[in-house]
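As the structure lists them, so they are numbered: ligands from 1, and atoms in each ligand from 1.
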Amino acid sequence: MKIDKKGMLLIVSGPSGVGKGTLVEILRKYDPNFKLSCSVTTRDPRPGEIEGVHYHFITDETYDQMLADNAFLEHALVHGNRYGTPRKPVNEMLARGLDVILEIDPQGAISVMENLRPDEYVSVFILPPSYKVLRERLTARNTEEPDVIERRMNNARAEIAKLDRYQYAIINDKICTAFDELLHIVKAEKRRTIRYMPEIPEE
Ligand code: 5GP
């Protein structure tokens with residue numbers, strides 16, 4: 001018999017375009033105990049995005065009210081839009097023994113890490129194999145104007161300069177290798193005694 005304590009709060013962050021969304025998607029398929037925290041945002045939904053699945057799309061007024069109520073675990077202005085992680089559902093899922101993934105931008109990740117003890121989270125920073133490849137990935141998305149891409153490249157350099165704030169780093173060159181590394185981290189972290197306390201039967 002084993003006693004599982006609280007679930008794991010897994011922070012997956014990295015510059016825009018680095019592929020963190022894909023890694024998180026594969027992890028959730030591999031291990032359904034990982035649940036994604038559904039963020040709120042004040043930006044408009046993109047075609048195909050579903051309320052309550054991709055985000056809760058809220059108004060500025062609701063966002064302000066949530067700020068006033070201290071309802072956010074973290075919140076940030078990312079590329080001109082407001083995002084936040086509601087605190088309550090995350091804590092409820094962790095208390096039920098579920099693992100919760102926060103796929104958030106580096107400002108949000110650092111703010112969560114500053115507000116919690118290091119043993120309360122696992123933080124992973126995803127890196128591109130080179131700045132050239134990152135630029136290619138941002139360009140291939142085809143959704144952004146050239147000046148937006150330049151701004152994201154500059155942001156990426158500043159974000160990568162703070163890599164030492166994270167517990168783990170993964171270079172996302174080949175997605176299967178990057179996922180394999182993420183899985184090793186997650187599996188090791190699940191066996192830390194703060195999360196896992198097996199009881200050994202007599203027989
Ligand atoms: P998008 O608008 O393209 O879905 O997301 C833009 C950026 O916002 C991404 O880097 C994404 O990780 C980040 N993001 C999404 N939700 C949150 C959140 O709740 N908090 C923070 N800090 N960043 C978020």
Distance-only donor-acceptor hits, side chain of residues 15-32, under 3.5 Å, sequence neighbours excluded:
| from | atom 1 | to | atom 2 | distance (Å) |
| --- | --- | --- | --- | --- |
| S16 | OG | R152 | NH1 | 3.4 |
| K20 | NZ | G14 | O | 3.0 |
| Y30 | OH | K187 | NZ | 3.4 |
| D31 | OD1 | N33 | N | 2.9 |
| D31 | OD2 | K190 | NZ | 2.9 |

I'd like the atom pairs linking ligand 1 to the protein - N or O on both sides, separation under 3.5 Å - with distances to 0.1 Å.
| from | atom 1 | to | atom 2 | distance (Å) |
| --- | --- | --- | --- | --- |
| ligand 1 | 2 (O) | R43 | NE | 2.7 |
| ligand 1 | 2 (O) | R43 | NH2 | 3.2 |
| ligand 1 | 2 (O) | R46 | NH2 | 3.3 |
| ligand 1 | 2 (O) | Y83 | OH | 2.3 |
| ligand 1 | 3 (O) | R46 | NH1 | 3.3 |
| ligand 1 | 3 (O) | R46 | NH2 | 2.9 |
| ligand 1 | 4 (O) | R43 | NH2 | 3.0 |
| ligand 1 | 4 (O) | Y55 | OH | 2.5 |
| ligand 1 | 5 (O) | Y55 | OH | 3.3 |
| ligand 1 | 10 (O) | K20 | NZ | 3.4 |
| ligand 1 | 16 (N) | S39 | OG | 3.2 |
| ligand 1 | 19 (O) | S39 | OG | 2.6 |
| ligand 1 | 19 (O) | E74 | OE2 | 3.3 |
| ligand 1 | 19 (O) | G84 | O | 3.2 |
| ligand 1 | 19 (O) | T85 | OG1 | 3.3 |
| ligand 1 | 20 (N) | E74 | OE1 | 3.4 |
| ligand 1 | 20 (N) | E74 | OE2 | 2.6 |
| ligand 1 | 22 (N) | E74 | OE1 | 2.9 |
| ligand 1 | 22 (N) | D105 | OD1 | 2.7 |
| ligand 1 | 23 (N) | D105 | N | 3.2 |
| ligand 1 | 23 (N) | D105 | OD1 | 3.4 |

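The aromatic rings of Y63 and H75 sit perpendicular to each other, their planes meeting at more than 60°, with 30° as the lower class boundary.
At least one test fails for R87 against the ring of F72: distance under 6.0 Å to the centre or angle within 45° of the axis.
Here the straight-line distance linking atom CZ of F125 with atom CD1 of I11 works out to 12.5 Å at 0.5 Å rounding.
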Passes side-chain contact (heavy atoms from CB on, under 4.5 Å), M153 versus L138? Steps please. CA-CA 9 Å; M153 287 301 296; L138 285 171; 4.0 Å; yes
Working for side-chain contact (heavy atoms from CB on, under 4.5 Å), residues R82 and D60: CA-CA 8 Å; R82 301 163 94 191; D60 275 306; 2.5 Å; yes
